[in-house]
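Note sheet for the following structure.
In what follows, residues are counted from 1 in the order of the sequence shown.
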Amino acid sequence: MLHLPHSTPEAQGVDSRALNRFLHAFMALKWTHGVMVLRHGHVIAEHYRRLCSAFDRHQLFSLSKSFTSSAIGIAIGEGRLSLDDRLVSFFPEYDSPAVTEQMRRVTLRNLLTMSSGHSSCALFGERYAKLHTWFPDNRPWVQNILEDTLAYEPGEQFVYNTGATFLLAAVLRKATGQGLVEYLRPRFFRPLGFSEDLLWDLNPDGIEQGGYGFNLRLPEIAAAAQCWLRLGKAPDGTPLIPEDYMRAALSKQIANGTPNGYSDWFEGYGFQFWQCRHGFVRGDGAAGQLAILFPQYDAVLVATAGVTDMQRELDVTWDFLVPAFQGSTEGDDVLQPATFEMGPADPEGAAAFPKPLRFSAGDNPRKIVALTLEPAPGGVDLFLRTAQGGTEHLRAGWTEPRACALQDVDPNHLFAGWGRCHRTGPDTLRLIFAIPESTSFYTLDITLGDAPSLHWTTPIAFSRPWLQDVIIPLTPC
């Protein structure tokens, strides 16, 4: 069970009105899902957007990297690894003349600090962008990356590289015989009270993806962040990660640009942790997954979201939460629950769609071949049949969200979601789907009339940029 005692803000030296002011500003950002604030080891604020909850097992994306770093630190403490170990030494089966002398000099320290020598991400770099796939030769990921030509000397240049974190996961498996979840469970997850049903996506070779793919509930992220803040110690003081490793991980190990006073992406980088302005440290994941450590205030903020501008999250935190730690008393007394912005209620919409509508679909990258829109109690049901023979069933409500499952968010998961619908014109229908456990959300505009079409917009669709904005021609049948 998670050890996260709750307390009033005042008991931990924070004015509740100032804290409420921060919560108002943070939850006003579009598609923030949940936020939790801890001070002196106590939860003093926890809030979720309507339709979201503490039970949502949320995609972490690159916040996964900080957990991979924790595993490496523990393995170093056990004497299984060292920062100066050469990457290639763990994979003699892939050693060949194609492995360059530069690659032979890459160490675990270089991987932890994103200074492997690559000019772009080894997984999501130029070849990925061109081919829209990973390594089409079907060789192991490690083998392909080891044969990369490096642009820089290892340790010379910071280049954000999810492939480097994957290599750390592969090294851990080689050194310990265990994957990240299996290795961390008794050493980190179980002592902190994490659930047993942990999910970390595997690559085709059966290795946790390391740099992304982990899914956690917000209170679990908070427990991990509190452990990091206390330099690797559990709530009872038991050391889980070596303190000297955590001090190094949370400190600046390499420059990653020139600080400019308004961005938190150029303050330096540790071992899979970002340095922030004002002396703060964070782990983060795309679209707003946050674990921010405030050592000066003995405080932590964690959040899940699906935002398109992460800097706004950080700015709001610096502008509103930090003053609360400093004793500000400004703020509102009542926090109104934020809701997913899923369009207006349209109680008369059902009258405009009294019978099923069926269409065949023109060529499209989503491989949809047929669409059926049917009236349903309180809303509509949308059936999308694909070229592979599968059918996705989406449900949307005219006045209240209807629950459904979405298959297209991520090939590894079936996500629970909520759908709302409303008319945007005499011959147009908009369906909006929110996925509380994912960063993605969908807007589907169905146009009827003389030139029917389906316009599918996914503002955040990782790994599938060519699917973010698609117009599919429809033919009645």
Side-chain angles (χ1 to χ4, degrees), residues 30-31 59 128-133 287 306 308 340-344 346 349-350 352-376 379-398 401-435 438-477:
K30 189 173 183 180
W31 308 111
Q59 291 178 302
Y128 173 83
K130 288 182 177 179
L131 297 171
H132 300 270
T133 187
T308 55
F340 275 107
E341 293 115 21
M342 300 179 71
D346 188 1
F353 294 90
K355 61 182 181 180
L357 300 172
R358 296 180 173 83
F359 303 90
S360 61
D363 184 54
N364 64 89
R366 293 186 179 270
K367 307 300 181 184
I368 296 170
V369 296
L371 178 154
T372 301
L373 187 68
E374 295 185 356
V380 296
D381 286 357
L382 180 65
F383 298 89
L384 301 170
R385 184 160 56 86
T386 66
Q388 293 79 17
T391 299
E392 185 160 13
H393 179 190
L394 305 178
R395 295 152 45 93
W398 294 111
R402 297 176 69 209
C404 59
L406 295 100
Q407 298 171 321
D408 193 56
V409 180
D410 188 304
N412 298 296
H413 309 293
L414 181 66
F415 280 99
W418 299 89
R420 277 277 297 274
C421 57
H422 66 277
R423 293 165 297 167
T424 56
D427 294 317
T428 55
L429 173 66
R430 172 166 292 175
L431 299 91
I432 300 176
F433 297 95
I435 306 97
S438 167
T439 59
S440 296
F441 52 95
Y442 298 153
T443 299
L444 281 66
D445 288 299
I446 300 176
T447 300
L448 307 175
D450 295 334
S453 66
L454 169 64
H455 185 188
W456 190 311
T457 306
T458 310
I460 302 172
F462 296 100
S463 305
R464 303 180 304 283
W466 57 96
L467 299 183
Q468 287 185 357
D469 194 357
V470 178
I471 297 179
I472 303 172
L474 302 175
T475 302
C477 59

When every non-hydrogen atom of Gly343 is compared with those of Ile432, the smallest separation belongs to N-CD1, 4.1 Å
Residues at least two apart in sequence or cross-chain that pass salt bridge (Lys or Arg N to Asp or Glu O under 4.0 Å) with Arg385, listed by chain then number, are none
Looking at side-chain heavy atoms only, is the closest gap between Leu454 and Leu444 below 4.5 Å? yes
When every non-hydrogen atom of Ser360 is compared with those of Cys477, the smallest separation belongs to N-SG, 3.8 Å
Heavy-atom nearest pair, Trp398 first then His422, reads CZ3-CA, 4.0 Å
Heavy-atom check, side chain of Leu429 versus side chain of Leu373, under 4.5 Å:
yes
OG1 (Thr443) and CE (Met342) are apart, to the nearest 0.5 Å, by 9.0 Å
Exercise for review: For residues Asp469 and His455, determine if any side-chain heavy atom of one lies less than 4.5 Å from a side-chain heavy atom of the other.
Suggested key: yes
Exactly one of Phe415, Phe433, Trp456 clears ring-ring contact (aromatic ring centres under 6.0 Å, His included) with Tyr442, and that residue is Trp456
Between Leu394 and Ala405 the two heavy atoms that sit nearest each other are CD2-O, 3.9 Å
Item to complete: Quick one: do Leu357 and Ile446 satisfy side chain to side chain contact (heavy atoms under 4.5 Å, CB included)? Show the steps, please.
Response: CA-CA 11 Å; Leu357 300 172; Ile446 300 176; over 6 Å; no
Is any side-chain heavy atom of Ile472 closer than 4.5 Å to one of Ile368? yes
When every non-hydrogen atom of Ser440 is compared with those of Ile435, the smallest separation belongs to O-CD1, 3.1 Å
Between Pro452 and Pro476 the two heavy atoms that sit nearest each other are CG-CD, 4.1 Å
Taken to the nearest 0.5 Å, the spacing of Leu371 CG from Glu392 CD works out to 11.5 Å
Salt bridge (Lys or Arg N to Asp or Glu O under 4.0 Å) pairs touching residues 447-460, sequence neighbours excluded, are none
Rounded to the nearest 0.5 Å, the CD atom of Glu374 sits from the CZ atom of Arg358 at a distance of 5.5 Å
Sorted by chain and residue number, the salt bridge (Lys or Arg N to Asp or Glu O under 4.0 Å) partners of Arg423 (sequence neighbours excluded) come out as Asp346
Just so I know, are the side chains of Asp381 and Arg402 near enough to count as touching, which here means a heavy-atom distance under 4.5 Å?
yes
Value for CG (Asp427) from CG (Leu448), rounded to nearest 0.5 Å, stands at 6.0 Å
To the nearest 0.5 Å, atom CZ of Phe359 lies from atom OG of Ser453 at 9.5 Å
Between the CG atom in Asp445 and the OG1 atom in Thr428, the distance rounded to the nearest 0.5 Å is 7.5 Å
Is the shortest side-chain heavy-atom distance between Trp418 and Phe340 below 4.5 Å?
no
